[in-house]
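The next block holds one structure in the form of structure tokens; read it before the comments.
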Amino acid sequence: MTGISADPALDEWRTYDEFAAGLYQFCFREFRIAVASVWLHDLGHQLMTTGIFLGLNDDDAEHSRGGGHISPLGSVAHSDVQPA
């Protein structure tokens, strides 16, 4: 994340799982505002992402969808570090 969302202190909870080679689920919940998100990233086959934002607006539950095409800009390999 970049910008204001880059501060790890702003996230109350975040996680990701790899379901298959290149297929990831990413979830987070914001600390300061009532919003959460669940995203599916296909980084291996179709290079697309889709997800949903969940939140509160004047105590009413709201949701919105998002998604798009992924354009790889590069990659980094760390041979001395194993994935978490």
Side-chain angles (χ1 to χ4, degrees):
M1 291 188 196
T2 60
I4 195 166
S5 296
D7 186 352
L10 297 178
D11 289 352
E12 186 173 280
W13 175 82
R14 64 178 134 179
T15 187
Y16 76 93
D17 293 302
E18 183 175 11
F19 293 106
L23 190 60
Y24 296 89
Q25 178 188 20
F26 175 69
C27 307
F28 73 90
R29 179 178 157 190
E30 289 284 341
F31 179 70
R32 295 182 185 210
I33 57 176
V35 67
S37 182
V38 178
W39 289 87
L40 182 65
H41 300 289
D42 183 348
L43 302 177
H45 304 289
Q46 296 182 3
L47 295 176
M48 296 190 72
T49 183
T50 185
I52 189 168
F53 289 101
L54 308 166
L56 294 177
N57 185 13
D58 295 327
D59 294 327
D60 292 329
E62 291 190 353
H63 72 280
S64 60
R65 296 180 186 191
H69 298 277
I70 299 171
S71 298
L73 300 177
S75 64
V76 176
H78 299 278
S79 61
D80 60 330
V81 178
Q82 295 298 317

Does the D42 side chain pair with the main chain of G44, one donor and one acceptor, at a distance under 3.5 Å?
yes
Side-chain heavy-atom pair F28, Y16 within 4.5 angstrom cut-off:
no
Can you name the residues that form a side chain to side chain donor-acceptor pair (under 3.5 Å) with D58, not counting sequence neighbours?
none
Path from V38 to Y24 over hydrophobic side-chain contacts below 4.5 Å:
no
Taking side chain to side chain donor-acceptor pair (under 3.5 Å) as the definition, give me every residue that meets it alongside Q25, ordered by chain and number, with sequence neighbours left out.
none
Gap between atom OG1 of T15 and atom CZ of F26 - 0.5 Å precision
9.0 Å
If we ignore hydrogens and angles and just use 3.5 Å, is the side chain of T49 paired with the main-chain N or O of L40 as donor and acceptor?
yes
Please work out whether the ring planes of F53 and W39 are parallel, tilted or perpendicular, with thresholds of 30° and 60°.
perpendicular
To the closest 0.5 Å, what do you measure between OG (S37) and CD1 (I52)?
8.5 Å
Can you tell me how far apart CG (L47) and CG (L43) are? Round to the nearest 0.5 Å.
7.0 Å
